[in-house]
Amino acid sequence: VQLQASGGGLVQAGGSLRLSCAASGRTFSSYNMGWFRQAPGKEREFVAAISWSDTSTYYADSVKARFTISRDNAKNTAYLEMNSLKPEDTAVYYCAADRSRISLPIWLPYLKYDYWGRGTQVTVSS
């Protein structure tokens, strides 16, 4: 599967953005989907994930209650709605797909994530 992330940009602190991750292929509904980010000089970190069954989600503590992950299998697209953005959210955001069919929420950050898209830059100004 090929993934393409979009929707990044420059926003002021407190603002919102919605990232999209469009997937090719006909098996999108069988993949767990995750969002990760990497800030300059830092390691890539987990942000949020949603199970293939659309029954489970999991968030990093730093984004909980501000970000919402969702998916639309009819459109082969996953989304990350980001609200109340902070300067520390500035990073390149990547979407990824995992084919393990594991859907237990606590495991979602630690899956293999077999496929990765190119990132989209999110910059939050103070």
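Numbering starts at 1 and runs along the sequence shown.
Residue pairs meeting the ring-ring contact (aromatic ring centres under 6.0 Å, His included) criterion with at least one member in residues 4-51, sequence neighbours excluded, are Tyr31-Tyr115, Phe36-Phe46, Phe36-Tyr113, Phe36-Trp116.
Tyr59 and Val122 end up in the same hydrophobic cluster when Ile, Leu, Val, Met, Phe, Trp and Tyr side chains are linked at under 4.5 Å. No continuous path of hydrophobic side-chain contacts links Tyr79 to Val1 [ILVMFWY only; heavy atoms under 4.5 Å]. Cluster annotation: Tyr58 and Val47 are assigned to distinct hydrophobic clusters (Ile/Leu/Val/Met/Phe/Trp/Tyr, side-chain heavy-atom contacts under 4.5 Å, transitive). In the hydrophobic clustering of ILVMFWY residues, with side-chain heavy atoms under 4.5 Å counting as a link, Tyr93 and Val11 come out together.
Residues satisfying the side-chain hydrogen bond (donor to acceptor under 3.5 Å, both in side chains) test with Asp89, not counting sequence neighbours, are Arg37, Arg66. By the side-chain contact (heavy atoms from CB on, under 4.5 Å) test, Ser103 pairs with Ser51, Trp52, Ser53, sequence neighbours left out. Taking the side-chain hydrogen bond (donor to acceptor under 3.5 Å, both in side chains) definition, one finds that Ser16 meets it with Asn83, sequence neighbours left out. In this view, Lys42 satisfies the side-chain hydrogen bond (donor to acceptor under 3.5 Å, both in side chains) rule with no residue, not counting sequence neighbours.
Checked against Ile50 for a side chain to side chain contact (heavy atoms under 4.5 Å, CB included), the options Leu80, Ile69, Leu108 give a single hit: Ile69.
For Leu104, the CG atom is densely surrounded, since the number of other residues' heavy atoms within 6.0 Å is greater than 12.
Using a 4.5 Å heavy-atom threshold, the side chains of Asp98 and Asp114 count as touching.
When hydrophobic side chains of Ile, Leu, Val, Met, Phe, Trp and Tyr are connected at separations under 4.5 Å, Leu10 ends up as a singleton with no cluster partners.
For Pro87 against Ala13, the heavy-atom pair with the smallest separation is CD-CB, 4.1 Å. Ser20 and Thr77 get closest at one heavy-atom pair: CB-CG2, 4.2 Å.
Without hydrogens or angle criteria, Ser24 side chain to Gln2 main chain gives a donor-acceptor distance under 3.5 Å.
The line from CE of Met82 to CZ of Arg18 is 11.5 Å long, rounded to the nearest 0.5 Å. To the nearest 0.5 Å, the span separating CZ on Phe67 from OG1 on Thr57 amounts to 14.0 Å. Between Cys21 atom SG and Arg71 atom CZ the span is 10.0 Å, to the nearest 0.5 Å. The line from OG of Ser30 to CZ of Arg101 is 5.5 Å long, rounded to the nearest 0.5 Å. Here the SG-CD distance, from Cys95 to Gln4, works out to 8.0 Å after rounding to the nearest 0.5 Å. With rounding to the nearest 0.5 angstrom, the CG atom of Leu3 is 12.5 Å from the CZ atom of Arg118.
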Please test Thr90 against Gln121 for side chain to side chain contact (heavy atoms under 4.5 Å, CB included), starting from the C-alpha separation and ending with a verdict. CA-CA 8 Å; Thr90 295; Gln121 176 71 47; 4.0 Å; yes
